[in-house]
Amino acid sequence: MALSVPKAPGVPQMLKDGARMYSGLEEAVYRNITACKEFAQTMRSAYGPNGMNKMIINHIEKQFVTSDAGTIMRELDVEHPAAKLMVMASQMQDAEVGDGTNFVVIFAGALLEKAEELLRLGITTAEIADGYEKALEKALEILPKLVCHEVKDFRDVAQVKEVMKSAIMSKQYGQEDFLTDLVTKACVSILPDKGTFNVDNIRVCKILGSGLSKSEVVHGMVFKRFVEGDVTYAEKTKIAIFSCPVDIIQTETKGTVLIKSADELMNFSSGEESLLENQIKAIADTGAKVVVSGGKVGDMALHFLNKYNIMAVRLNSKFDLRRLARAVNGTVLPRLTTPSQEELGYCDKVCIEELGDTTVVAFRNEGKDSRIATIVIRGATDNFMDDIERAIDDGVNNFKCLSRDGRYVPGAGAVEIELATQIAAYADTLPGLEQYAVRRFAAALEAFPKALAENTGINATELVNQLYLAHADGKGKTIGFNIEAEKAETVDVTTSKIYDLFQSKYWGMKYAVGAATTILKVDQIIMAKRAGGPKPRQNAGSDDES
């Protein structure tokens, strides 16, 4: 009879073998805080225009070189449960605003770092969480009073350019003027009269070669493909879009055809040909000069398309088909039928263009009713173009928020120091123990100007002292860090036009405090045994991929 070894009493007795459990301040709370601090520290060095790049190789060996927090977190595949909560908070920020993901992580990390000091002094997690929530309430009350700029007319390129610059500058310092110009032109050109701005309507097409200065905005869509037939140019044309292959239609049921003579064989294939020719002739008769297909274009169909002088383009992605349909105002047809006039799209110009050694098909709509714009990025390496795409993505998301709420607060660390000054004063009015947490909340806000200074190579303490000094005077609310100076120096951000989106700060603080208080309130971590055993060892030199 096998000897049964009794389990230790308590929780381990209830769980399966291999389960782990951590509880109490030392094991759970401090352990979570340490993990989050480490994670926030990694992100902190990537903050601001002078933020350092991270080189990340993900699980499928793809390499990324970027300082964009959203991309870093997406590709890191964070395993620690507490750090995962911070990542989820920043993903919420990404979904809500599209920018300020790094703000959430750095702020949540700073709040937890300050909370650790208070816990070591003997203040309970509940009191710290209460204090943080009170401080957040006060911060969100103060924030609207700090608005220093508002965009009234979203179609005025000059106004929009002014406020978009700082968002793009934080990703591509030095290229901001050119990129802001591209993004603003693209966004303003497709802003609808009614309804909301859709981020998906700004496409990016990356073409290797030349330099960034050769990038341009195309009203319409650009695809890295070649046309199928001989026709390579069409102007002021109607477009038929099919999601099916343009070819002889296969029957759904199998049938047997008995052919007894050579004449019958000739007639059999010619019947199929004439049917296809009639279909393509009917499409040509509607006035369509371009056919876009979601599947392959058969040789026989191509012959007839060339015969009727119709341009054929094949797009493999069903999403690209939908976007093109939206751009040309057409309908995607599921079967090869004759489209009605309502189902046909219209485009000013469809042509082949050569950029470097890449051939592209461009659907250009020069009129005012252009619904989609494509930014064609040129660059020397794929990594560089990916980073430019992220900067453009941030700019476009900023425009989306700006079209909903045009309020801006001072950037360059000015709004954080002003909030810290006012919240520290508010802490002095509170009687309970939460006043310590409120004071620590104000101190945590210093992390941003400090990070900007450290990444620029300037003494952070000296800079924060200068900022506090400027903000102590009631008129210095818009004084921020001058990133272009050689030493710790302040500047009035209204003159240097460095503004931060009100929505970005509002939601960023909400999500960061939410994540920090959730992590603080955890007192036990129970991890069940992982499903599945270890992977079987492969023989050396085996090409088995399973």
Side-chain angles (χ1 to χ4, degrees), residues 40 89 93 100 103-104 106-148 407-452 460-461 463-481 490 493 500-521:
Q93 169 82 348
F103 179 89
V104 175
I106 294 172
F107 192 37
L111 287 172
L112 290 169
E113 198 175 330
K114 301 293 177 196
E116 189 178 10
E117 297 166 12
L118 292 175
L119 287 168
R120 299 216 185 266
L121 293 173
I123 295 174
T124 62
T125 49
E127 282 159 345
I128 297 172
D130 277 356
Y132 279 172
E133 271 155 15
K134 269 191 179 169
L136 172 69
E137 221 172 276
K138 184 69 178 170
L140 296 182
E141 187 188 306
I142 299 166
L143 200 60
K145 296 172 190 166
L146 301 182
V147 171
C148 65
R407 290 179 292 171
Y408 277 80
V409 291
V415 73
E416 285 89 356
I417 291 292
E418 184 57 35
L419 281 172
T421 310
Q422 295 199 30
I423 288 168
Y426 167 66
D428 297 339
T429 64
L430 294 172
L433 279 174
E434 59 263 30
Q435 62 170 299
Y436 295 104
V438 174
R439 212 167 276 125
R440 287 293 195 279
F441 183 97
L445 282 163
E446 292 171 15
F448 297 101
K450 274 182 179 169
L452 286 172
T461 316
L463 172 79
V464 171
N465 289 342
Q466 283 191 24
L467 286 172
Y468 269 127
L469 200 65
H471 284 259
D473 177 18
K475 294 171 187 166
K477 286 181 182 178
T478 55
I479 300 294
F481 166 45
T490 57
V493 295
D500 281 348
L501 203 58
F502 171 82
Q503 289 281 324
S504 172
K505 296 287 181 218
Y506 179 88
W507 289 108
M509 288 201 304
K510 260 192 167 177
Y511 291 136
V513 173
T517 52
T518 307
I519 292 165
L520 280 175
K521 285 176 181 172

Peer 1: One thing to verify: whether Glu117 and Arg120 come together as a salt bridge, which I'm taking to mean a side-chain N less than 4.0 angstrom from a carboxylate O.
Peer 2: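 Looking at Glu117 together with Arg120, the answer is no, because their closest N to O distance does not fall below 4.0 Å.
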
Peer 1: Output the distance between atom CD (Gln435) and atom CD1 (Ile123), rounded to the nearest 0.5 Å.
Peer 2: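 With rounding to 0.5 Å, CD (Gln435) is 9.0 Å from CD1 (Ile123).
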
Peer 1: Mind checking the NZ-CD spacing from Lys145 to Gln422? Nearest 0.5 Å is all I need.
Peer 2: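 One gets 7.5 Å once the value is rounded to the nearest 0.5 Å.
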
Peer 1: Using the rule given for side chain to side chain contact (heavy atoms under 4.5 Å, CB included), can you reason through Leu419 versus Met509, listing the C-alpha separation, both sets of side-chain angles and the distance that settles it, and then say yes or no?
Peer 2: CA-CA 11 Å; Leu419 281 172; Met509 288 201 304; 3.9 Å; yes

Peer 1: Crowded around Tyr436 OH? As in, over 12 foreign heavy atoms under 6.0 Å?
Peer 2: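 Incorrect, the count does not exceed 12.
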
Peer 1: Just how far is it from atom OG1 of Thr125 to atom CG of Leu520, taken to the nearest 0.5 Å?
Peer 2: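 If I round to the nearest 0.5 Å, the distance is 6.5 Å.
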
Peer 1: State whether a side-chain donor-acceptor pair under 3.5 Å links Thr421 with Glu418.
Peer 2: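 Glu418 and Thr421 do not have a side-chain donor-acceptor pair below 3.5 Å.
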
Peer 1: Which heavy atom of Pro144 sits nearest to which heavy atom of Arg407, and what is that distance?
Peer 2: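 Taking every non-hydrogen atom into account, CB-NH1, 4.2 Å.
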
Peer 1: Do Ile142 and Glu137 have side chains that get closer than 4.5 Å, going by heavy atoms?
Peer 2: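 Contact flag for Ile142/Glu137 side chains = no.
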
Peer 1: Short question: side chain of Tyr408, backbone of Val147 - any donor-acceptor pair under 3.5 Å?
Peer 2: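 The answer is no, because no donor-acceptor pair under 3.5 Å joins these two groups.
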
Peer 1: Looking only at heavy atoms, which two atoms of Ala414 and His471 are closest? And how far apart?
Peer 2: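 Result for this residue pair: O-CE1, 3.3 Å.
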
Peer 1: Any chance you could lay out the side chain to side chain contact (heavy atoms under 4.5 Å, CB included) test for Glu416 and Phe107, step after step, and finish with the verdict?
Peer 2: CA-CA 11 Å; Glu416 285 89 356; Phe107 192 37; over 6 Å; no

Peer 1: Mind listing the closest non-hydrogen atom pair of Gly131 and Ala437 along with its distance?
Peer 2: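 Scanning both residues, the minimum pair turns out to be CA-CB, 3.8 Å.
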
Peer 1: Is there a side-chain contact between Lys114 and Tyr132, using heavy atoms and a 4.5 Å cut-off?
Peer 2: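 Result yes, sub-4.5 Å side-chain heavy-atom pair found.
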
Peer 1: Show the numbers, then the answer: is there a side chain to side chain contact (heavy atoms under 4.5 Å, CB included) between Asp130 and Thr517?
Peer 2: CA-CA 8 Å; Asp130 277 356; Thr517 52; over 6 Å; no

Peer 1: Any side-chain donor-acceptor pair under 3.5 Å between Glu446 and Tyr468?
Peer 2: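 There is such a pair between these side chains.
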
Peer 1: Let me confirm one number: the CG-CD1 distance from Leu463 to Ile417, rounded to the nearest 0.5 Å.
Peer 2: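 Leu463 CG to Ile417 CD1: 7.5 Å, rounded to 0.5 Å.
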
Peer 1: Side-chain contact, heavy-atom cut-off 4.5 Å: Ile423 with Val438?
Peer 2: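 They are in side-chain contact.
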
Peer 1: Considering non-hydrogen atoms only, spot the tightest contact between Ala424 and Ala442 and give its length.
Peer 2: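 Between these two residues, the closest heavy atoms are N-CB, 3.9 Å.
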
Peer 1: Leu467 and Pro449: which non-hydrogen atoms are nearest, and at how many Å?
Peer 2: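 Heavy-atom minimum between the residues: CD1-CB, 3.8 Å.
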
Peer 1: What I'd like to find out is whether the side chain of Val409 reaches to under 4.5 Å of the side chain of Cys148, using heavy atoms alone.
Peer 2: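 Heavy-atom side-chain distance check fails, nothing below 4.5 Å.
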
Peer 1: For the pair Leu112 and Ile519, evaluate side chain to side chain contact (heavy atoms under 4.5 Å, CB included) and give the outcome as yes or no after the intermediate values.
Peer 2: CA-CA 8 Å; Leu112 290 169; Ile519 292 165; 4.0 Å; yes

Peer 1: Compare every heavy atom of Leu452 with every heavy atom of Ala412, then report the nearest pair and how far apart it is.
Peer 2: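 That would be C-CD1, 4.0 Å.
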
Peer 1: So, do Phe441 and Val513 sit near enough that their side-chain heavy atoms are less than 4.5 Å apart?
Peer 2: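 A side-chain contact under 4.5 Å exists here.
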
Peer 1: Please round to the nearest 0.5 Å and tell me the distance separating atom CG of Leu136 and atom CG of Leu111.
Peer 2: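 It is 9.5 Å, given to the nearest 0.5 Å.
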
Peer 1: Using only atom types and a distance under 3.5 Å, with no angle test, would you say the side chain of Gln93 pairs donor to acceptor with the backbone of Ser504?
Peer 2: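 Looks like yes, one N/O pair under 3.5 Å.
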
Peer 1: At what distance, to the nearest 0.5 angstrom, does CZ of Arg439 lie from CG of Leu118?
Peer 2: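 One gets 10.5 Å once the value is rounded to the nearest 0.5 Å.
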
